[in-house]
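Keep in mind that what you see is a predicted model, and the values were worked out from it rather than measured.
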Amino acid sequence: MPIRILPPQLINQIAAGEVVERPASVVKELVENSLDAGARQIDIEVEQGGIKRILVRDDGVGIAKRELTLALSRHATSKVSEFRDLESLRSMGFRGEALPSISSVSRLRLISRHQEADEAWEVTGDGSDKVSAAKPAAHPQGSSVEVCDLFFNTPARRKFLRTDKTEFNHISSLFQRLALAHFEVGFSLHHNRRRVHSLPPCSDRAERERRIAGLLGAEFLEQALVIEERAGELGLSGWVARPSFSRAQADMQYFYVNQRMVRDKLVTHAIRQGYQDVLYHGRHPAYLLFLDLDPRRVDVNVHPTKHEVRFRDSRSVHDFIYRGLHRLLAQTRPQAAAEPALETPVYVEEGLPTRPRQQGMSLGLAERPAAYRAAFTAQQPPPAGESGEADQAGTEQLPPLGFAIGQLQGIYILAQNSEGLVLVDMHAAHERITYERFKQTYSGDGITSQPLLVPVTVAVSPSEADLVEEFLPMLGRIGMEVSRLGRDSLAIRAIPALLRGADAERLLRDLLSDLAEYGQSDRMRIEIEKVLATMACHGAVRANRRLELDEMNALLRDMEQTERADQCNHGRPTWVQLSLSELDRLFLRGR
């Protein structure tokens, strides 16, 4: 078949295959155009899941009459004018393909009134490469784009569409992602003339959180930690759910780069590392995060739908996200939730277990048990006739987890604090305490290398051998001694002492895989922490171990000063709070 120039309509339909997958794709492109036009209110109407009709109306700057026909022309855009504009993009769209692509597979009507014009104008497309002449129309400042009968002239694509309900669910999910990225904009969504969402613009944090609660649920917000991190030109902000609010699916993960929703494996990896050893196996974290950086440091022109990005310095971005989340999640402990007004009693633990054993609890107290008895009396109601102020002053002195009142079935510690009843899984709590102390001790002493009796030779690719030479200082810091034998051969001469007996070749290959993929690796830290976690699990107090009140109280104080004490090493919760109002409801008090 001879080489030939494709007709314009076919070119547009091929482009449509890249940017118009389903009705939700149309909504995405049109709403992003509205956002780029400076809209402060965007209304979306769809019928039959968007297959029959989609209307997106905004109050943006509008399009001048002379530019309306150009708006439906391929590669016509107001967002870039020269190559260097691509290196610092701030707009949501820029290719100039969306409107002509959509017009080539639908019946499209565009009405717009420019902010400096006295009247609106309308143009239409009918699925061909022809655009009608502009004619006068009635419309306030802004634009409306109506798309009818999507894929009417490409039946092969139309048959791949799902049911109206499924297609609308995709639109609803997209609407949610857009509304969470642009709090300053009001949004509304109607389906088959029924209102689904009506979201006013948000001017402060309270209004933003009200929108989040409406879209993601009040429970997400109740369990969320607010993050605000900045390092040079990098900024990370948003809401991160506590590990206890993990999900069975990765269905509540929203990450935006300069307000653009992206799916990026480097970002996902950094977030998973931030949740390391606080997330239950097989569960997924929930978050709403915004990464802000200089547009010149990220390339958004790597995919037609702009879902993927490429960072100029991926290593620093990965490290910034990981460290920010790691610091935030380290605060998940009772002390972070409520700071006591009274200085908490000093406690000591008589030595850390160096090997798995049951006799390692030894939760001794620096002060006499009478100190706890005296503090515990602060929880008791005042004698009749005393003022409520005295009662309030007494409860304010309680530490976050209060004081122990007993033990249940040798498994749970029962404590009373100012809020009500606290239940603690003593094994899970002690396991976390021991684990964090192991990590601090090991981190303080550094990673000691264990020389191998016989070096392990590993065949690698030349690029992997180059990678080892590039990261040789880093490998030394984590206890790996590796040397290059030739173009495609390495020798492992030492590994971390704590990992003696491990598969040295597997460790190195995993490290190389991480270094090639992310520019850095936490592989050795993770492997070492697995060993420390096992030691902590075996060294923690076992079920059915009877504890004295003094030991229980010492454990509670330890929890309040231990990072990540809200979860054990496996991500399970270590304690729960039952408020007095919740207890009253259980016993139908006040009814």
Electrostatic pair [X]:[Y] at N-O distance under 4.0 angstrom:
X	Y	result
R211	E184	no
D510	R506	yes
R333	E563	no
D204	R208	no
E229	R327	yes
K439	D277	yes

Classify the angle between the aromatic ring planes of F175 and F187 as parallel (below 30°), tilted (30 to 60°) or perpendicular (above 60°).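 It falls in the perpendicular class, over 60°.
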
Measure the spacing between [atom1] of [X] and [atom2] of [Y] and express it to the nearest 0.5 Å.
X	Y	atom1	atom2	value
Q276	I271	CD	CD1	14.0 Å
H430	E551	NE2	CD	9.5 Å
R545	I411	CZ	CD1	15.0 Å
R557	F403	CZ	CZ	5.0 Å
R312	R297	CZ	CZ	11.0 Å
L515	R315	CG	CZ	8.0 Å

Heavy-atom side-chain proximity of [X] to [Y] below 4.5 angstrom:
X	Y	result
W239	I227	no
N417	Q577	yes
F311	V267	yes
P285	V240	no
V422	L414	no
D566	P334	yes
P573	Q567	no
Q273	H326	no

Please check if the side chain of [X] supplies one atom and the backbone of [Y] the other of a donor-acceptor pair under 3.5 Å.
X	Y	value
T562	D558	yes
S314	R310	no
D264	L266	yes
E436	R432	no
H170	A24	no
S316	D313	yes
Q407	L547	yes
S449	A494	no

Would D503 and L507 satisfy side chain to side chain contact (heavy atoms under 4.5 Å, CB included), going step by step from the backbone distance to the final call? CA-CA 6 Å; D503 186 336; L507 285 175; 5.9 Å; no

Which pair of heavy atoms, one from [X] and one from [Y], lies closest together, and at what distance?
X	Y	answer
L279	S246	CD1-CB, 3.7 Å
N569	A536	ND2-CB, 3.9 Å
S418	L398	N-CD1, 3.4 Å
C568	T574	N-CG2, 3.4 Å
L549	A404	CD2-O, 3.5 Å
L532	F438	O-CD1, 3.7 Å

State whether a side-chain donor-acceptor pair under 3.5 Å links [X] with [Y].
X	Y	answer
N169	S172	no
S173	Q176	no
W575	D425	no
R493	S483	yes
D292	Q259	no

So L288 and Y256, side chain to side chain contact (heavy atoms under 4.5 Å, CB included) or not? Walk me through it. CA-CA 8 Å; L288 171 60; Y256 300 87; 3.6 Å; yes

OH/Y412: more than 12 non-hydrogen atoms of other groups inside 6.0 Å: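 Open: at most 12 neighbouring heavy atoms sit under 6.0 Å from OH of Y412.
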
Take a 6.0 Å sphere around OH of Y280 and say whether it holds more than 12 heavy atoms from other residues, nucleotides or ligands.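 Open.
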
Cation-pi between R283 and Y275: NZ/CZ under 6.0 Å from ring centre and within 45° of the ring axis?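 Judged by the rule (NZ or CZ under 6.0 Å from the ring centre, within 45° of its axis), R283 is not positioned above Y275.
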
Using side chain to side chain contact (heavy atoms under 4.5 Å, CB included), reason through E505 and R509 one step at a time and then give a plain yes or no. CA-CA 6 Å; E505 181 177 346; R509 291 195 184 280; 3.1 Å; yes

Are H269 and H318 near enough that their ring centres are under 6.0 Å apart?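 Aromatic pair counts; centres sit under 6.0 Å.
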
Verify side chain to side chain contact (heavy atoms under 4.5 Å, CB included) between L508 and V456, making sure each step is shown before the conclusion. CA-CA 10 Å; L508 179 61; V456 176; over 6 Å; no

